[in-house]
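One structure below.
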Amino acid sequence: MHVNTGAYVGRFAPTPSGNLHFGSLVAALASYVDARSVGGRWLLRMEDIDPPREVPGAQDAILRTLESYGFEWDGQLVRQSDRHAHYAACVEQLFSQGLAYACTCSRKQLEGYNGIYPGLCRNAGHTRIDAAIRLRVPQLTYAFTDRVQGEFDQHLGNEVGDFVIQRRDALYAYQLAVVLDDAWQGITDIVRGADLLDSTPRQLYLQELLGFSQPRYLHVPLIVQPDGNKLGKSYRSPPLQIEQASAFLAKALRTLGQEMPLELNNAPPKELLSWATAHWDADKIPRTATLDEASLV
Ligand code: GLU
Ligand code: ZN
């Protein structure tokens, strides 16, 4: 596996299942500033592959929030809903090579396995009709070094099992779409939330299988409350107010360990972003961040 060494290309890849929240702002900010601080490109991709979970108006709200928070992306916005033909071709290839297979297990049949697929359909030879498609995983550990979280490894066979790349309702899985699009867009650096740390080994396997180069990874801290609990859903979901852009950007920068001078607190968003770009130090990003929910209201 070769690691990318070309000029930096980063991306932000929101899912339109709601507006951006504080956690997504921290991820957007880190990926943007990490790219711009080295003169890199920053792309925007709307991960709209799950229409049942899409909230009407969320795409526009996300774009408006990003613009009013001062983010400028390079090139055209890419939508995953325009990329189905590519996902379909990949699933077909993996299936015809025997690297993936059709699974007809019901949710009920899979209860009690802690989300680790027990391989029931592995050798069943089902047709693709009314079936999910699962990728066979090797009995191997996949590991990488995250720029913030350090060493991370996962045994795909024991900890994940054969995973879905196309759902039974024909929708494509995030794991497949994200790997194909990151490669197609030439992404060298993935900066995103730590909730995706344990998806990364699956993505490393797909990259290897498809002959793609491996991007660098930086997973920004999970945000926890002072009592150690994750931010509650109600606090993750209040939309980022446009009038509060500077205050939230300043708070997000401090969450990322960047020591922003107090006198910049009320500076316009673009000024905060250029300060952050000029002073960016990814080594200061903490592995977890504590934030009082009350300060986000
Ligand atoms: N669309 C995913 C999300 O909003 C992020 C995907 C990624 O950054 O790999 O959680
Ligand atoms: Zn099955």
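Atoms within a ligand are numbered from 1 in the order they appear, just like the ligands themselves. Both backbone and side-chain heavy atoms feed into the values below; hydrogens, waters and symmetry mates do not.
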Heavy atom of the protein closest to atom 7 (C) of ligand 1 (residue, atom name, distance)
Arg11 NH1, 3.3 Å

Val55 reachable from Tyr174 in the ILVMFWY side-chain graph, under 4.5 Å edges:
no

Side chains of Gln80 and Tyr172: is there a donor and an acceptor less than 3.5 Å apart?
no

Nearest protein heavy atom with distance in Å, relative to atom 5 (C) of ligand 1:
Ala13 O, 3.4 Å

Assess whether a salt bridge exists between Asp34 and Arg147, defined as any Lys/Arg side-chain N lying under 4.0 Å from an Asp/Glu carboxylate O.
yes

Only heavy atoms of Glu47, strictly under 4.0 Å: list the atoms of ligand 1 that pass.
1 (N), 2 (C), 5 (C), 6 (C)

Same apolar cluster: Tyr32 and Val78, side chain cutoff 4.5 Å
no

Does any N or O atom in Thr15 lie less than 3.5 angstrom from one in ligand 1, N or O only?
yes

At a cut-off of 2.8 Å, list the protein N/O/S atoms near the Zn ion (ligand 2), residue plus atom name.
Cys103 SG, Cys105 SG, Tyr117 OH, Cys121 SG

Only heavy atoms of Arg192, strictly under 4.0 Å: list the atoms of ligand 1 that pass.
7 (C), 8 (O), 9 (O)

Quick check: is Trp73 connected to Tyr8 through a chain of hydrophobic side chains (ILVMFWY, heavy atoms under 4.5 Å apart)?
yes

Using a plain distance cutoff, I'd like to know if Leu196 has any nitrogen or oxygen under 3.5 Å from a nitrogen or oxygen of ligand 1.
no

Atoms of ligand 1 under 4.0 Å from any heavy atom of Val178, numbered from 1 in the order shown, are 9 (O)

Would you call Arg45 and Asp82 a salt bridge, using N to O less than 4.0 angstrom?
no

Ion pair present between Arg128 and Glu92, side-chain N to carboxylate O less than 4.0 angstrom?
yes

Which atoms of ligand 1 are found less than 4.0 Å from any heavy atom of Tyr174?
6 (C), 7 (C), 9 (O)

Determine, using the 4.5 Å side-chain heavy-atom cutoff (strictly less than), whether Phe212 and Val178 are members of one ILVMFWY cluster.
yes

Is Glu111 salt-bridged to Lys108, cutoff N-O under 4.0 Å?
yes

Distance only, no hydrogens: is a donor on one side chain within 3.5 Å (strictly under) of an acceptor on the other, for Asp48 and Ser81?
yes

